[in-house]
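Have a look at the structure below before the remarks.
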Amino acid sequence: MADKQISLPAKLINGGIAGLIGVTCVFPIDLAKTRLQNQQNGQRMYTSMSDCLIKTIRSEGYFGMYRGAAVNLTLVTPEKAIKLAANDFFRHALSKDGKKLTLIKEMLAGCGAGTCQVIVTTPMEMLKIQLQDAGRLAAQKKMMASQSGVSGAAVETSSARPTAIAISRELLKSKGIAGLYKGLGATILRDVPFSIIYFPLFANLNKLGQKSPDEKSPFFVSFLAGCAAGSTAAVAVNPCDVIKTRLQSLQRGVNEDTYSGIVDCARKIWRSEGPTAFMKGAYCRALVIAPLFGIAQVVYFIGIAEYLLSFLPSKRD
């Protein structure tokens, strides 16, 4: 199928709407993923995704599951817009005379999209992880305090809840803009392979629902293709996601390892937690990414932006 060309504003709006809808639906699962990935052996607060969410609701209330959501909802619009629009741009640039792209060129387009998106993804993930993991660290301190006879109220008073603005201000003050881009290498290591797998797989799965090369697939085919491609790519790059999450966490629990870089992090995880630790939160990540990208592709392919932009006066008027 020759990729349909739509205007850049429409691409950005479609990507933004897709990201907002998707994140709102699956954010609690993403919070569970971050907390499961960050806990190390000997300091386990949660045994599973459901256990994490139940304990979060009990200790932090329903809205505790949405810690860090404001950061995601603010930055996911440019992040998803850049990712989807960049993939379209590179696919168009690599195609000649509307001919079908080879698998290698589809992978190159995905690589370009993944590389572009880290401009927004890295600081977004950096701030989100601090906010998501704060509850786990607070619960760990409270548990250890109760074991040593210190009141939980005293612990809660001493540990103020961080905010995205406060974290950003502190990082910019102490480390400059580089502070917000901690873990950039690990983010690239995760997002580039993800896009290389996801976009070609989605494009080929989505074609299965086309009756002719010039027609769109039904929305449910786009949704299922997005879910299947997203979950496959998510699980494939989960080891990189674990490393990225550990490197971007500024605060550590008691007796938890610190890391100097990607190789050091991978070595310590392997040595102290075993190879299965690299798949921590994999099913959570699959549950997050599958509907997120399924919804994203439906919104993107339906073309909500074109409908909205049709209400704007044209240049001829």
Side-chain angles (χ1 to χ4, degrees), residues 14-37 46 48-53 56 65-66 68-69 72-73 75-77 79-84 86-88 106-107 110 113-114 117 121 124-125 128-129 132 187 189-210 216-242 244-245 278-302 304:
N14 280 333
I17 293 172
L20 288 171
I21 295 172
V23 167
T24 303
C25 294
V26 300
F27 193 83
I29 303 174
D30 187 64
L31 178 135
K33 181 219 60 145
T34 297
R35 293 187 177 184
L36 288 170
Q37 286 183 340
Y46 316 107
S48 64
M49 178 186 72
S50 58
D51 180 57
C52 178
L53 293 176
T56 298
M65 295 191 298
Y66 283 89
N72 247 35
L73 290 172
L75 296 179
V76 75
T77 297
E79 191 244 5
K80 282 289 175 288
I82 290 171
K83 187 185 190 81
L84 295 173
N87 180 66
D88 269 8
E106 287 183 332
M107 293 173 71
Q117 80 170 82
T121 303
M124 178 182 76
E125 292 275 311
K128 183 196 72 172
I129 286 171
Q132 286 183 326
T187 305
L189 197 62
R190 181 197 69 172
D191 287 351
V192 171
F194 177 92
S195 295
I196 289 174
I197 296 168
Y198 172 78
F199 283 111
L201 183 56
F202 169 78
N204 286 281
L205 289 175
N206 193 54
K207 286 175 185 176
L208 298 177
Q210 291 177 246
K216 287 183 179 180
S217 297
F219 79 93
F220 67 89
V221 174
S222 293
F223 177 76
L224 292 174
C227 288
S231 57
T232 301
V235 173
V237 302
N238 197 74
C240 301
D241 190 55
V242 172
K244 183 198 73 66
T245 300
F278 290 105
M279 297 308 292
K280 280 186 176 181
Y283 64 97
C284 291
R285 184 162 161 76
L287 288 174
V288 169
I289 296 297
L292 179 62
F293 277 84
I295 292 167
Q297 291 294 358
V298 168
V299 172
Y300 201 67
F301 271 73
I302 287 175
I304 289 177

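The model shown is predicted, which means the values in this text are computed figures rather than measured ones. When reading the values below, keep in mind they use all heavy atoms of this one structure, side chains included, and skip hydrogens, waters and symmetry mates.
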Pairwise distance CD(Gln117) to CG(Asp191) - rounded to 0.5 angstrom: 4.0 Å
Side chains of Lys33 and Asp241 in contact at under 4.5 Å (non-hydrogen atoms): yes
Point-to-point distance, once rounded to the nearest 0.5 Å, from OH of Tyr46 to CZ of Arg35: 4.5 Å
Side chain proximity check, Met65 to Leu53, heavy atoms < 4.5 angstrom: yes
Asn238 to Lys280 - nearest heavy-atom pair and separation: ND2-O, 3.1 Å
Taking every non-hydrogen atom, the tightest pair across Val235 and Ala282: CG2-O, 4.2 Å
Any donor-acceptor pair under 3.5 Å from Asn206 side chain to Phe202 backbone: no
Between OG1 on residue Thr245 and NZ on residue Lys128, distance to nearest 0.5 Å: 7.5 Å
CD-CZ distance between Gln132 and Phe27, expressed to the nearest 0.5 angstrom: 4.0 Å
Nearest non-hydrogen partners of Gly209 and Pro218, listed with the distance: O-CD, 3.2 Å
Derivation of the side chain to side chain contact (heavy atoms under 4.5 Å, CB included) call for Leu73 and Thr24: CA-CA 8 Å; Leu73 290 172; Thr24 303; 3.6 Å; yes
4.5 Å side-chain heavy-atom contact, Phe194 and Ile289: yes
Distance in Å, Asp30 CG paired with Arg285 CZ, rounded so as to fall on 0.5 Å steps: 8.5 Å
Minimum-distance pair of heavy atoms, taken over all atoms of Leu201 and Ala229: CD2-CA, 3.6 Å
Under 3.5 Å donor-acceptor, Ser195 side chain and Val192 backbone: no
Least distance between heavy atoms, Pro291 atom then Ala286 atom: CD-O, 4.3 Å
Minimum heavy-atom distance Ile197-Ala236, with the two atoms named: CD1-CB, 3.8 Å
Distance in Å, Ile29 CD1 paired with Tyr283 OH, rounded so as to fall on 0.5 Å steps: 10.5 Å
